[in-house]
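Any value given below was found using the heavy atoms of this structure, including those in side chains, with hydrogens, waters and symmetry copies removed. This is a predicted model, so every value here is computed, not measured.
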Amino acid sequence: MKMNLTELHIFFDLLRYSLWKQAVDYDSWDSGWSWKPVLRAIDGHQLATLVLEAVLSLPESLQPDKEAVEHLSKQVGANMLRHDRLNHELAEIIGLLQADGIHPVLLKGQGNATSYEKPLLRKCGDLDIYVGAPNFSAACRTLCSWRPEECVVGKAIKKHAEFRFGKTEVELHRYAEIQHYPYPDEPFQIIMSEALAQPDVVEIAGSRVAIPPARVNALYLFTHLWNHVRRGGVGLRQFCDLAVVLHRTFRQIDVDVLRTNLQQLKMLDEWNLVGNVLVGYMGLPQAEFPLYRDEKAEKVAYFLQLVMADGNFGKERGVKMRQGYFKDKVLKMTLDAKRSYQLAKVSKMLAVKIFVGRFLQGLRTTIAGK
């Protein structure tokens, strides 16, 4: 369900209040809008827990109906309980790995939550834990020994292996992220392996937990976000994570090093496109986005339109795989072509290089039989 311009304005007013406590200028809201598409976007991007306070800050006459407010409130309560459970389980897993001489680094998720003013309002996900290639096999065995009666081993790919323990999903990472053509992977792995060997430490549930160092965390979050963009399905929750992490850490980022890294990764233009959304729509101060450069308003607006239409991890697209190996391959190629067509309105060069990259990646995967 698409939002009209007033509804989009309302959505981002609520989001800016949630992130930075920027006052909501509801007097500027034009007539002819409905809560229905706004609430659907909030749910589709998994932002309900974050924006409830903003909704409740409105005059009662402007708030959605009681049923909608109760729906948001229930999500907040459930999310707080899940944070408590995940944080204690994280502490157990970290301790177990460390006891076996492995030094894990928490990626994204619960680590990102610590950058929010109220961490419990960030929507929980799974636990992404980096252990590195040399320790990967041993770490998988160790993790399987944690609550072995519940352990269900899921899909294993080059980047990570998936595990489920009841309601808790854990991704154990051999690599923090993997870049695919046209984005070179080798310099990225060098940047990340050196950085993750010297992590920062935060306190979560009374335990000291290693996270990516501030000097590269924003770069890492951006590359992860962009990998979802090129596939078709990046939610605004990831943009929120990047915004709050930059807000917290921008002074610790060496701008010259960041420029060099982005040039090595061939992602400087992509970085700036994302930055225009963070600054222009989400309210991140321009000074807190390194290397910021204004883009054409129409280009940024269309890019945002794609992001809004996809929803978190592409859930708004309603595409279901697992129809059979070859049918899935054809469907993925069709989706890749559609995504490139969509991105052509943002940048024709970007569309071509992403389509070629996705095609080559799919070809390699098919040949390998994976």
Side-chain angles (χ1 to χ4, degrees), residues 11-24 41-42 45-55 57 75-76 79-80 82-83 86-87 90 105-128 176-177 195 199-205 209-226 228-229 234-253 255 258 271-292 304 307-308 312-313:
F11 176 86
F12 280 103
D13 267 356
L14 297 174
L15 191 55
R16 287 190 292 269
Y17 179 96
S18 304
L19 293 172
W20 327 112
K21 289 298 180 284
Q22 289 185 11
V24 177
I42 288 170
H45 289 267
Q46 294 195 0
L47 298 172
T49 57
L50 191 62
V51 304
L52 174 62
E53 289 187 349
V55 171
S57 75
Q75 291 189 65
V76 171
N79 196 61
M80 287 182 172
R82 191 176 183 200
H83 264 291
L86 273 180
N87 287 342
L90 172 65
V105 180
L106 175 65
L107 305 173
K108 302 177 294 181
Q110 299 305 102
N112 287 347
T114 63
S115 289
Y116 285 79
E117 180 183 356
K118 296 182 179 180
L120 296 183
L121 297 184
R122 181 197 182 270
K123 180 72 173 179
C124 291
D126 52 14
L127 296 175
D128 291 82
E177 189 65 61
D200 287 347
V201 176
V202 295
E203 185 173 306
I204 299 177
V209 177
I211 63 171
R215 59 189 174 85
V216 300
N217 198 17
L219 175 66
Y220 163 64
L221 294 176
F222 160 72
T223 58
H224 177 76
L225 177 157
W226 191 260
H228 282 286
V229 169
V234 56
L236 280 175
R237 186 178 67 156
Q238 292 191 49
F239 283 75
C240 290
D241 282 354
L242 180 56
V244 297
V245 166
L246 277 168
H247 179 66
R248 178 72 65 89
T249 65
F250 75 97
R251 291 185 180 88
Q252 296 166 264
I253 297 173
V255 176
L258 176 63
W271 167 266
N272 196 60
L273 182 60
V274 170
N276 273 253
V277 173
L278 299 188
V279 173
Y281 287 87
M282 298 177 66
L284 179 72
Q286 183 175 317
E288 296 180 8
F289 190 87
L291 305 174
Y292 181 83
L304 178 67
V307 173
M308 295 296 296
N312 197 60
F313 295 125

- request: Supply the atom-to-atom distance Thr249 OG1 to Asn217 CG, rounded to the nearest 0.5 angstrom.
  value: 6.5 Å
query: Distance from Leu219 atom CG to His224 atom NE2, nearest 0.5 Å?
result: 13.5 Å
task: Look only at the side chain of His228 and the backbone of Gly235, and say whether a donor-acceptor pair between them is shorter than 3.5 Å.
output: no
Using atom types as modelled, flag every donor-acceptor pair under 3.5 Å from a side chain in residues 11-18 to any protein atom, sequence neighbours excluded.
from, atom 1, to, atom 2, distance (Å)
Asp13, OD1, Arg16, NH2, 2.7
Asp13, OD2, His9, NE2, 3.4
Asp13, OD2, Trp29, NE1, 2.9
Arg16, NH1, Tyr281, O, 2.6
Ser18, OG, Leu14, O, 2.8
Ser18, OG, Leu50, O, 3.2

Within-4.5 Å side-chain heavy-atom neighbours: Lys118 and Glu53: yes
field: Contact check, side chains of Val244 and Asn112, non-hydrogen atoms, under 4.5 Å
entry: no
query: Roughly how far apart are Asn276 CG and Met282 CE, rounded to 0.5 Å?
result: 13.0 Å
message: Less than 4.0 angstrom from a charged side-chain N to a carboxylate O is my criterion; do Glu288 and Arg251 meet it?
response: no
field: Non-hydrogen atoms of Pro119 and Ala113 that approach each other most closely
entry: CB-O, 3.2 Å
- prompt: Would you say the side chain of Val105 lies within less than 4.5 Å of the side chain of Pro212, judging by non-hydrogen atoms?
  reply: yes
task: Flag the pair Leu121 / Tyr116 as yes when at least one side-chain heavy-atom distance between them is below 4.5 Å, and no otherwise.
output: no
field: Close side-chain approach of Val277 to Val307, heavy-atom, < 4.5 Å
entry: no
- prompt: Going through the distances and angles, do Met308 and His45 end up as a side-chain contact (heavy atoms from CB on, under 4.5 Å)?
  reply: CA-CA 8 Å; Met308 295 296 296; His45 289 267; 4.2 Å; yes
Closest non-hydrogen atom pair, Gly125 against Arg82: O-NH2, 3.1 Å
task: Give the C-alpha distance, both sets of side-chain angles, the deciding distance and a yes or no for side-chain contact (heavy atoms from CB on, under 4.5 Å) between Val201 and Val209.
output: CA-CA 5 Å; Val201 176; Val209 177; 5.9 Å; no
task: Starting at CH2 of Trp271, measure out to CZ of Phe222 and round the result to the nearest 0.5 Å.
output: 7.0 Å
- line: Rounded to the nearest 0.5 Å, the CZ atom of Arg122 sits from the CD atom of Gln110 at a distance of 7.0 Å
- request: For Lys21, enumerate each residue passing the side-chain hydrogen bond (donor to acceptor under 3.5 Å, both in side chains) test, keeping only those at least two apart in sequence or located in another chain.
  value: none
query: Between Glu203 and Thr114, is a side-chain contact (heavy atoms from CB on, under 4.5 Å) present by the stated rule, with each step listed?
result: CA-CA 9 Å; Glu203 185 173 306; Thr114 63; over 6 Å; no
query: Any idea which heavy atoms bring Thr49 and Val76 closest together, and the distance?
result: CA-CG2, 3.7 Å
query: Atom CG of Leu284 and atom CG of Leu278: how far apart are they, to the nearest 0.5 Å?
result: 6.0 Å
task: Please examine the side chains of Ile253 and Leu246, heavy atoms only from C-beta on, and report whether any two atoms are closer than 4.5 Å.
output: yes
- prompt: If every non-hydrogen atom of Ser115 is compared with every non-hydrogen atom of Arg248, which pair is closest and at what distance?
  reply: O-NH2, 3.4 Å
- prompt: Any side-chain heavy atom of Asn79 within less than 4.5 Å of one from Leu120?
  reply: no
message: Would you say that Cys240 contacts Leu19 through its side chain, given a criterion of any heavy-atom pair below 4.5 Å between the two side chains?
response: yes
- request: For the pair Arg215 and Gln252, evaluate side-chain contact (heavy atoms from CB on, under 4.5 Å) and give the outcome as yes or no after the intermediate values.
  value: CA-CA 6 Å; Arg215 59 189 174 85; Gln252 296 166 264; 5.7 Å; no
